[in-house]
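Structure, as structure tokens:
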Amino acid sequence: MFATKHSDRSTMDLNKVTEKSNPCGKQIKENDIVKMVTVSLHYFLLLMLLLPFHLLGQIDKTTLTENLKNISLEEAKQEFIKSRDKINKTLSSFEEIKSMRISGGPIIESDEESTINNFSVHIKDSIQKGFSQLIQNYSFKQERGDKQSYIKHYSTSRFGITKNFSSIYQDFYNKSEPEIAYKKIHFFDGSSTLYKKENDSIKSAKKIDSISATATYYYPTINNVITLSATAKHNQAVFTQEEADAYEIYIDTRLYEDLIYVEALNKEGKALWQKSSYTSTMDILNTKYLEKLSKYFNNIVNDIDHQKIKTKKQLINKLAKSYPNENDYGTEKVQKTIIYNTCQGNVAEVKLYFGEKRNSKTIAFTMLNKGTYFNNLSIEKFFVDNDYMHGIMDLKGNWVVKPIPNQISHMIGNYYSINRGIFANDKLYYLNLKTKQLEPQSFFMMSPKIYNGHYATITKTSNTNAIQGLINLKTQEVLLEPKYRHLKANKTFYWAKETRRSPYIISNFKDHKNIMAGSFEDVNFYDDYFVVETKKETITNSHTYHSLYDFYDVNGNKMNRMQIVDIPSYHSFGKDNLLVITDTNGDKYYILKSGDKAPIDIKDYQKLGAFSYGLASVKHKNNNLWGYINTKGKLVIPCMYRDAHIFIGGTAVVTTKKNKQILINLNNKTIFVLPGSLYSYTKIPDKTNAEYKIHDGNGNYTTYNHKGEIINK
């Protein structure tokens, strides 16, 4: 009755199964693959047991009539019983196959739900957009000989197709990039030529500006979507589900051939990651005819038992008149496909997407020569006597530096390195555009950092950044010789130390003067000032302070008029130009950036917080509760909270008298209640975005922003 045929998906090699069944790249253990093979073989052997029942070739009307001539009526009855039972056994086995749970495919054990981006019926548009973006990243390289050039295209984005739809592209698209065809070559001198494929070469050594090309890509189209679930039935597909994370679909193979994607959804409608997948096809002979034949044989047995048929002649006449005609029930084999998938989460419904799998579209575009460097110069390969040489060329195709038998690499600005051998260090050269000469330098560049657009770090050797200096790329002036193990800069200052315990050397970019040098515990730099920490123990009002802090401007002039023993860890005046400090008398107050004490009345408060978004938290002396003052010292949010943090993004976390942590806005309105305890939080004033990490007491952490929205990390 059954001719079993496994599809390509069920007989694919193990490497292909692993790729198909593991789209998220999670590790598959060896025993999972063994399980997959074992279950597949079990399924195959079970189907093989059904092969002896080729009933249609054994119980036809002619054969039965001939056999009846040589046996008694009772013997004929027994033959009909045997035939009926054979048919029923076959049909029963078929039903068993239909409902069998096939657990093939590698299984990744995990209790956590894992979702992916939902499939889109507009996949054609998404792929077209992805390829349009991809070809914009395509460029080419040109290698010259005496009379010809070799060209090779490449992409700066190797995987231009977005992976928003899991691994579905592997089902219908066998390449990750489009098929590129050159059409016309355009040179920098304004001439052009049609491209003739000759091993990717053209008969010209002129510098190529661009190439007219076409890109052909492939995509599916969605024509029909079927939704299946325990309640959503369909006449073309049978859906069964015995486990929450697994399902089976039974469909005609002709319909399956048009299937592009199977998507399992949870109850929120989010697509679930597929843990494993197994499919198989089988040829099924006419079951409706077999069911009719079984009933017919059973009726004959009953007629003999009830003596409605008393002789063999009556039996033969009945067969001649009423034996079921197979053609009345169709004679074609019906091929069915079983899909069995397991998912990372509970399946609420499954969507089947059908359509045309492989359509193509060709896009015309221009491929640019993106091999230009500083000052529109590019490093070019020159092929001579079966060997490569390298030179530097301008846009017109003129050699600025003639080819040499060494590797030339561009570093930064007009600086280039030349490698003179596999085991040799890359020597650094400066390209003098007036003399068209590469001038050797006494220093090197190893992954240089750039400050203020044209200041770069230099190194003592070509293979380490451990010892650095600083150079002005525009003037070639070496600001700091490469002898410092600690070198940093921002847009205003640069500073360095030879060793961890060496004195600081502090300069500004304005006039490159050394504005300060000395041994300090720490220095923190800002856009227009820096803070120096000096280790010195100070005892005031029964408190012991271990550091003194001083503020300096861009010229190295001290800004504060009082000695400061304590300031916030971020040292920032913020946008309000106010900073809370503690002086050597133990008094806390706000100071201005000028160094003067701010005219803010803080006599009623025992603790002061930093200003941010125009407000600062303060703790009242009378009730020990926190509120907020503005830059004039006016209390604008009453002292009503057990704790209060700085405002970030226009909101702040406070703790109520009932120990609830909430987010309030600048008008003291509650916008969100934090569902747990504050574990960590952003502390930098005037930031526009905050991160609040909340602990729920059960070992789980969730991060929220300043609006009370969950941040996915």
Side-chain angles (χ1 to χ4, degrees), residues 373-375 377 379 392 408-419 424-435 437-534 550-559 571-572:
Y373 292 102
F374 191 69
N375 284 344
L377 301 178
I379 299 172
I392 301 176
I408 300 177
S409 300
H410 179 252
M411 294 304 296
I412 192 169
N414 281 328
Y415 288 92
Y416 295 80
S417 66
I418 298 179
N419 191 320
N425 289 333
D426 293 347
K427 187 67 178 175
L428 189 69
Y429 292 81
Y430 177 77
L431 176 59
N432 190 322
L433 295 175
K434 293 182 179 180
T435 64
Q437 297 293 321
L438 288 171
E439 301 171 349
Q441 303 296 299
S442 60
F443 50 84
F444 299 85
M445 287 184 177
M446 175 65 179
S447 303
K449 292 182 178 179
I450 306 300
Y451 300 104
N452 283 353
H454 59 275
Y455 298 101
T457 54
I458 56 178
T459 58
K460 192 172 183 178
T461 66
S462 65
N463 55 13
T464 179
N465 273 324
I467 300 176
Q468 295 183 335
L470 199 65
I471 191 173
N472 186 333
L473 295 175
K474 290 183 176 180
T475 64
Q476 283 188 272
E477 178 187 2
V478 176
L479 305 178
L480 294 175
E481 292 290 340
K483 63 178 182 179
Y484 300 97
R485 291 187 176 273
H486 304 273
L487 189 154
K488 292 183 180 180
N490 63 12
K491 70 178 186 180
T492 307
F493 304 98
Y494 56 94
W495 58 98
K497 293 172 70 173
E498 290 190 44
T499 66
R500 188 174 64 86
R501 296 186 178 182
S502 298
Y504 274 94
I505 297 176
I506 303 172
S507 306
N508 63 37
F509 283 118
K510 183 179 68 172
D511 51 22
H512 302 295
K513 291 181 180 179
N514 292 336
I515 58 178
M516 181 174 287
S519 297
F520 312 115
E521 182 66 21
D522 196 13
V523 183
N524 287 274
F525 292 86
Y526 300 89
D527 289 346
D528 54 357
Y529 67 95
F530 60 94
V531 182
V532 173
E533 179 184 357
T534 305
D550 292 300
F551 290 73
Y552 295 87
D553 62 19
V554 293
N555 297 313
N557 299 317
K558 187 177 178 180
M559 298 166 57
H571 308 155
S572 175

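Note: hydrogens, waters and symmetry copies are ignored here, and every other heavy atom, side chains too, is used. Count residues from 1 along the sequence.
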Would you check if the side chain of [X] reaches a backbone N or O of [Y] as a donor-acceptor pair within less than 3.5 Å?
{"X": "Thr492", "Y": "Asp527", "value": "yes"}
{"X": "Asn452", "Y": "Lys491", "value": "yes"}
{"X": "Asp511", "Y": "Lys513", "value": "yes"}

Examine Tyr494 together with Tyr451 and report whether their ring centres are nearer than 6.0 Å.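 No, they do not, as the ring centres are separated by 6.0 Å or more.
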Would you check if the distance from the ring center of Tyr429 to the ring center of Tyr416 is below 6.0 Å?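 Between Tyr429 and Tyr416, the centre distance exceeds or equals 6.0 Å.
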Any non-hydrogen side-chain atom of [X] less than 4.5 Å from a side-chain atom of [Y]?
{"X": "Pro448", "Y": "Tyr455", "answer": "no"}
{"X": "Tyr373", "Y": "Met411", "answer": "no"}
{"X": "Phe493", "Y": "Ile515", "answer": "yes"}
{"X": "Leu487", "Y": "Lys449", "answer": "no"}
{"X": "Thr457", "Y": "Leu470", "answer": "yes"}

Do the rings of Phe509 and His512 sit parallel, tilted or perpendicular, given the 30° and 60° boundaries?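 Perpendicular.
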Do the ring planes of Tyr526 and His571 sit parallel (below 30°), tilted (30 to 60°) or perpendicular (above 60°)?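 Because their plane-to-plane angle is over 60°, the rings of Tyr526 and His571 count as perpendicular.
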Shortest non-hydrogen contact from [X] to [Y]?
{"X": "Ile467", "Y": "Lys483", "value": "CG2-CA, 3.3 Å"}
{"X": "Arg500", "Y": "His486", "value": "N-NE2, 3.7 Å"}
{"X": "Trp495", "Y": "Asn490", "value": "CZ3-N, 3.8 Å"}
{"X": "Thr461", "Y": "Thr459", "value": "O-OG1, 2.6 Å"}
{"X": "Phe374", "Y": "Gly413", "value": "CB-O, 3.2 Å"}

Applying side-chain contact (heavy atoms from CB on, under 4.5 Å), name anything that partners Glu477, two or more places apart in sequence or on another chain.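 Glu477 satisfies side-chain contact (heavy atoms from CB on, under 4.5 Å) with Asn472, Thr475, Leu479 only.
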Using distance only, find each side-chain donor-acceptor pair of residues 439-447 under 3.5 Å and give its atom names and separation, not counting sequence neighbours.
from	atom 1	to	atom 2	distance (Å)
Glu439	OE2	Asn432	ND2	2.8
Gln441	NE2	Glu439	O	3.1

Nearest 0.5 Å, what's the [atom1]-[atom2] distance between [X] and [Y]?
{"X": "Asp522", "Y": "Tyr504", "atom1": "CG", "atom2": "OH", "result": "5.0 Å"}
{"X": "Leu428", "Y": "Ser462", "atom1": "CG", "atom2": "OG", "result": "9.5 Å"}
{"X": "Tyr484", "Y": "Thr499", "atom1": "OH", "atom2": "OG1", "result": "11.5 Å"}
{"X": "Lys497", "Y": "Arg485", "atom1": "NZ", "atom2": "CZ", "result": "13.5 Å"}
{"X": "Leu480", "Y": "Ile458", "atom1": "CG", "atom2": "CD1", "result": "8.0 Å"}
{"X": "Ile471", "Y": "Glu481", "atom1": "CD1", "atom2": "CD", "result": "9.5 Å"}

Can you check side-chain contact (heavy atoms from CB on, under 4.5 Å) on Leu377 and Leu433, steps first, answer last? CA-CA 11 Å; Leu377 301 178; Leu433 295 175; 3.8 Å; yes
Counting only heavy atoms from other residues, nucleotides and ligands, does the tally under 6.0 Å from NZ of Lys510 exceed 12?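 Enclosed: over 12 neighbouring heavy atoms sit under 6.0 Å from NZ of Lys510.
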With a 6.0 Å cut-off (strictly less than), is the heavy-atom count around NZ of Lys488, excluding the residue itself, greater than 12?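 Incorrect, the count does not exceed 12.
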